[in-house]
Amino acid sequence: MFFREEEAEKRFEVQRLAQDKFIKTFILTDQKTGIQYLFSSYGTAGGLTPLLDGDGKPMKRGL
């Protein structure tokens with residue numbers, strides 16, 4: 001939670017899914033755990049949530 005910005009850039013891989021004038025959508029992958037998150041923003045509002053599989057468990061990408 002309290003780390004430098006350059007450490008955050010190394011920890012998370014960011015993949016842009018979509019972007020238009022107001023809405024931006026990204027998938028963030030934690031490089032340490034493999035867990036993937038969906039981030040979406042609309043203007044000044046935004047939200048972050050883990051992606052879940054069919055069993056309700058966090059989705060992981062193989063590291």
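- If you chain together hydrophobic residues whose side chains sit under 4.5 Å apart, Val14 and Tyr37 fall into the same group.
- Note that CD1 of Ile35 and NZ of Lys57 are 12.0 Å apart. Values are rounded to the nearest 0.5 Å.
- To the nearest 0.5 Å, atoms OG1 (Thr25) and CG (Leu38) are separated by 6.5 Å.
- Hydrophobic cluster membership differs between Ile23 and Phe26, with clusters built from Ile, Leu, Val, Met, Phe, Trp and Tyr side chains linked at under 4.5 angstrom.
- When the side chains of ILVMFWY residues are joined at heavy-atom separations under 4.5 Å, either directly or via intervening members, Phe39 and Leu51 end up in two distinct hydrophobic clusters.
- A donor-acceptor distance shorter than 3.5 angstrom exists from the side chain of Asp53 to the backbone of Asp55, with no hydrogens or angles considered.
- Among all heavy-atom pairs drawn from Leu52 and Met59, the shortest one is C-CG, 3.6 Å.
- Atom CG of residue Asp30 and atom CD of residue Gln36 lie 10.5 Å apart, to the nearest 0.5 angstrom.
- Here the side chains of Lys10 and Gln31 are not in contact, with every heavy-atom distance at 4.5 Å or above.
- Minimum interatomic distance between Thr29 and Gly34 (heavy atoms only, all atoms of both residues): CG2-O, 4.1 Å.
- Expressed to the nearest 0.5 Å, how far CZ of Arg11 lies from OG1 of Thr33 amounts to 6.0 Å.
- Hydrophobic clustering of Ile, Leu, Val, Met, Phe, Trp and Tyr side chains at less than 4.5 Å, counting indirect connections, unites Leu48 with Phe12.
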